[in-house]
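Quick notes on the structure that follows.
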Amino acid sequence: MIISIASGKGGTGKTTVATNLAISLESDVQVLDCDVEEPNAHLFLNPSIKESKTVSTSVPKIDEEKCTLCGKCAEICQFKAIIVIGETVLPFPEMCHSCGGCMEVCPEKAITETGRELGVIERGNRNGLDFVHGRLRVGEAMSPPLIREVRSFVRADKITIIDAPPGTSCPVIAAMKGTDFVLLVTEPTPFGLHDLTLAVEAVKILGIPHGLVINRSDMGDDRVRDYAKQENMPILMEIPFDRQIAEAYSRGSLIIEVMPEWKAKFLELYDHIKQIVE
Ligand code: SF4
Ligand code: SF4
């Protein structure tokens with residue numbers, strides 16, 4: 001079972017739900033924090049990190065001696081990541097998607113691969129819970145390859161909880177694609193509703209079963225609930241605004257640590273998800 005926890009926008013409580021769900025399940029769980037631009041699940045889980053590795057992607061390197069300035073590499077590149085200007089071929093590694101097209105078409109074999117560092121992957125555990133997260137290099141714009149690398153650690157014998165990045169673009173698609181269930185976390189405000197509708201459209205395109213958690217559910221209005229009804233999307237949990245929860249979050253504590261009665265609610269949430277998936 002792979003559950004991705006997503007939200008149209010940041011700050012809705014996505015990581016709170018992911019980490020509390022994971023710890024409530026106790027065993028055979030792994031958490032993959034795919035929010036590589038701003039990973040924060042480790043602040044709540046406090047895993048002991050055992051392993052760290054740098055992840056790179058291949059980008060073109062030009063041998064000017066061999067290059068005849070034919071322009072074929074620039075023609076094939078859909079991302080304008082390599083251009084011919086005057087007497088020079090200029091690659092833009094930060095824009096390169098590492099498709100290898102330019103290397104394939106170069107008639108002079110003047111293009112070879114070199115590495116561009118994307119970030120690091122760190123692995124660890126907490127009382128039997130497997131933990132993996134990625135940290136995107138500062139200044140790096142291409143997060144999907146690092147997210148895919150984090151996802152390569154999915155284990156079939158575990159319940160996998162993926163903390164997806166916020167938003168609705170390529171990074172969140174890379175985190176949600178191929179998962180069994182998407183749990184969308186939102187808050188009942190106009191901004192929450194706006195970004196939720198975008199996230200739901202993306203999940204519908206991917207064809208993944210999904211449900212909703214409403215955080216700070218006693219604030220705002222009923223428009224998120226009306227939208228969920230209209231979309232036939234189950235509301236699987238509501239977390240009210242609570243001073244104890246807010247204080248726990250600000251200290252890096254889990255809800256179930258300060259309010260143990262919430263553990264049963266997170267287990268119930270998992271049971272609901274399981275029923276929907278099955
Ligand atoms: S590897 Fe692909 S994306 Fe990168 S420069 Fe070559 S053609 Fe463009
Ligand atoms: S395809 Fe090869 S030979 Fe042609 S411009 Fe690009 S690098 Fe030079």
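Every number for a ligand or one of its atoms is a count from 1 in the order of the listing. Quantities reported herein were computed from a predicted structural model and do not represent experimental measurements. Heavy-atom basis, side chains included; hydrogens, waters and symmetry copies ignored.
Of the inter-residue distances, the one linking Ile76 atom CD1 with Cys99 atom SG reads 7.0 Å to the nearest 0.5 angstrom.
Considering only non-hydrogen protein atoms, atom 4 (Fe) of ligand 2 sits nearest to Cys70 SG, 2.3 Å. Closest to atom 3 (S) of ligand 2 among all protein heavy atoms lies Thr68 N, 3.5 Å. For atom 2 (Fe) of ligand 2, the nearest non-hydrogen atom of the protein is Cys106 SG, 2.3 Å. Atom 5 (S) of ligand 2 has its closest protein heavy atom at Gly71 N, 3.2 Å.
Smallest separation of non-hydrogen atoms from Pro240 and Ile245: O-CD1, 4.1 Å.
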Item to complete: Starting from the C-alpha separation in whole Å, work towards a yes-or-no answer on side chain to side chain contact (heavy atoms under 4.5 Å, CB included) for Glu268 and Asp271.
Response: CA-CA 5 Å; Glu268 204 180 308; Asp271 283 342; 5.5 Å; no

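In this structure, the side chain of Arg116 engages the main chain of Pro93 through a donor-acceptor pair within 3.5 Å. In this structure, Asp28 contributes its side chain and Lys158 its backbone to no donor-acceptor pair below 3.5 Å. Lys53 contributes no side-chain N or O that, together with a main-chain N or O of Glu122, makes up a donor-acceptor pair within less than 3.5 Å. Of the possible polar contacts, one joining the Asn215 side chain to the Thr12 backbone as a donor-acceptor pair under 3.5 Å is found.
Each of the atoms 3 (S) of ligand 2 lies under 4.0 Å from some heavy atom of Glu108. Each of the atoms 3 (S), 5 (S), 7 (S), 8 (Fe) of ligand 2 lies under 4.0 Å from some heavy atom of Cys67.
Asp226 and Arg223 are not joined by a salt bridge, as no carboxylate oxygen comes within less than 4.0 angstrom of a charged side-chain nitrogen.
Residues near Phe79 contribute nothing to a hydrophobic cluster around it, because no ILVMFWY side-chain heavy atom sits closer than 4.5 Å to its side chain.
For atom 6 (Fe) of ligand 1, the tally of protein N/O/S atoms lying closer than 2.8 Å stands at 1.
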